[in-house]
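In what follows, a single structure is set out as C-alpha cells and then discussed.
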Amino acid sequence: MTIRLLLADDQTLILQALCALLDLEEDFEVVASVSRGDEIVDAAREARPDVALLDIEMPGLDGLAAAAVLAEHVPSCRVVILTTFGRAGYLRRAMEAGAVGFVVKDAPVEVLADAIHRVMRGERVVDPELAVATLAAGESPLTARERDVLIAARSGATVADIAAGLYLSEGTVRNYLSAATTKTRTRNRMEALRVADERGWL
C-alpha cells in the first residue's frame with residue numbers, strides 16, 4: 001500500500017530535500033507540500049494524505065495550531081510534528097492538538113520513515129528522552145492571556161503597544177507580565193519570554 005504524504009515547512013531547501021528523500025521510499029508518495037501553516041488544511045482536503053508532516057514555526061498558522069484544525073477537518077489524516085525544536089512543552093501541546101508523532105529534524109531519514117510506518121499502524125511515535133522530559137517538566141503554568149502577552153512582547157513592544165494590540169488596558173498587561181515573570185521564576189519579561197520559549201510554553 002502506498003502511503004500518501006503531505007509536507008509543510010517554511011524553509012524551501014528543507015521542504016524540497018524532504019520531498020526528494022521520502023519520494024525515494026518505495027511505499028511513500030508526496031501528494032502535497034506547502035510552506036505556510038494556513039495552507040495545510042486546504043491542501044489536505046484536496047490531496048487526501050494519509051500522514052501530514054508538519055513543522056512548528058510557519059507563517060500564517062503554526063504547526064501545532066494547524067494540527068488541531070487538521071484533526072477537526074480531515075480526521076483521517078495522521079499528524080506527525082517534524083521540528084528542529086525538541087522541547088517538552090511543544091510535545092505536550094502537539095499531543096493535545098491531536099498529533100500522533102513527534103520527530104526532530106536531525107533524526108536520520110530511516111527514523112522518520114519508521115515513524116511514518118508506525119503511525120500508519122496506529123502507534124504513537126515519540127522520542128523516549130523527550131517523553132521523559134515532558135513528564136518531568138509538567139504542564140505550562142501560564143494562562144492563555146499570559147501566554148498571549150508574552151508572545152506580543154517578543155518583538156520588544158512596549159506595554160502600550162501590547163495593550164493596544166490585545167485590546168487590554170496597560171495595567172492589565174503589566175499584571176499579566178508580572179504574573180508570567182513570577183511563574184517562570186525570572187526577573188523581567190525578557191527572561192520570562194526566554195524561559196517560556198525554551199520550555200515550549202509559547
Side-chain angles (χ1 to χ4, degrees), residues 8-11 14 35-38 40 53-71 79-107 111-112 115 124-202:
D9 197 300
D10 66 333
Q11 297 180 43
I14 290 177
S35 58
R36 294 180 55 89
D38 51 8
I40 290 170
L53 303 176
L54 310 183
D55 186 24
I56 289 180
E57 295 192 353
M58 288 183 289
L61 196 67
D62 70 50
L64 300 176
V69 178
L70 201 54
V79 174
V80 174
I81 298 295
L82 181 62
T83 180
T84 306
F85 307 103
R87 297 173 184 167
Y90 281 157
L91 172 57
R92 185 181 297 278
R93 286 170 55 203
M95 296 298 117
E96 289 171 352
V100 292
F102 196 101
V103 180
V104 291
K105 286 181 181 175
D106 60 1
V111 170
L112 177 57
R124 285 185 177 270
V125 181
V126 176
D127 179 270
E129 291 183 11
L130 189 56
V132 170
T134 299
L135 290 173
E139 295 185 17
S140 170
L142 302 174
T143 66
R145 261 319 197 187
E146 289 162 1
R147 180 174 170 267
D148 290 343
V149 168
L150 276 183
I151 290 171
R154 258 192 180 135
S155 62
T158 65
V159 168
D161 292 336
I162 297 170
L166 296 177
Y167 303 100
L168 299 171
S169 72
E170 292 184 24
T172 300
V173 169
R174 288 191 185 93
N175 288 340
Y176 284 138
L177 289 172
S178 176
T181 300
T182 300
K183 290 177 179 179
T184 54
R185 299 181 181 180
T186 53
R187 294 173 296 180
N188 55 56
R189 65 175 174 169
M190 296 316 292
E191 286 186 10
L193 178 59
R194 177 183 55 79
V195 168
D197 207 21
E198 287 174 354
R199 295 181 183 176
W201 291 344
L202 299 181

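Model, not experiment: these values are computed from the prediction.
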Requested in this report: Look at the side chain of Glu146 and the backbone N and O of Leu142, then say whether any donor-acceptor pair between them is shorter than 3.5 Å.
Outcome: no
Between Met95 and Val100 the two heavy atoms that sit nearest each other are CE-C, 4.5 Å
In short, Ala71 meets Ala97 closest at the heavy-atom pair CB-O, 3.9 Å
Could you please spell out the steps behind the side chain to side chain contact (heavy atoms under 4.5 Å, CB included) verdict for Ile40 and Leu54? CA-CA 9 Å; Ile40 290 170; Leu54 310 183; 3.7 Å; yes
The single option from Ile56, Asp9, Val103 that satisfies side-chain contact (heavy atoms from CB on, under 4.5 Å) with Leu82 is Val103
May I have the list of side-chain donor-acceptor pairs in residues 162-173 shorter than 3.5 Å, sequence neighbours left out?
unit_1: Ser169; atom_1: OG; unit_2: Thr172; atom_2: N; d: 3.1
unit_1: Ser169; atom_1: OG; unit_2: Thr172; atom_2: OG1; d: 2.8

Can you confirm whether Lys105 sits close enough to Asp55 that some side-chain heavy atom of one is under 4.5 Å from a side-chain heavy atom of the other? yes
For Asp10 and Pro59, the nearest pair of non-hydrogen atoms, with its separation, is CB-CD, 3.6 Å
Nearest heavy-atom contact between Ala66 and Gly37 is CB-O, 4.1 Å
Are Thr184 and Trp201 packed together at the side-chain level, in the sense that at least one heavy-atom pair is separated by less than 4.5 angstrom? yes
When rounded to the nearest 0.5 Å, the distance separating CE of Met58 from CG of Leu64 is 9.0 Å
d(Thr182 OG1, Arg187 CZ) to nearest 0.5 Å is 14.0 Å
For Arg154 and Leu193, the nearest pair of non-hydrogen atoms, with its separation, is CA-CD2, 3.5 Å
- prompt: Is Lys183 reaching over with its side chain to a backbone N or O of Pro141, donor-acceptor style, under 3.5 angstrom?
  reply: yes
Closest heavy-atom pair, Gly156 versus Arg189, reported as atoms and distance to 0.1 Å, is O-NH2, 4.5 Å
As a quick check of understanding, evaluate side chain to side chain contact (heavy atoms under 4.5 Å, CB included) for Thr181 and Asn188, giving each step before the final call.
CA-CA 6 Å; Thr181 300; Asn188 55 56; 5.6 Å; no
TODO: Output yes when a side-chain donor or acceptor of Ser178 lies under 3.5 Å from a complementary backbone atom of Arg174, and no otherwise.
DONE: no
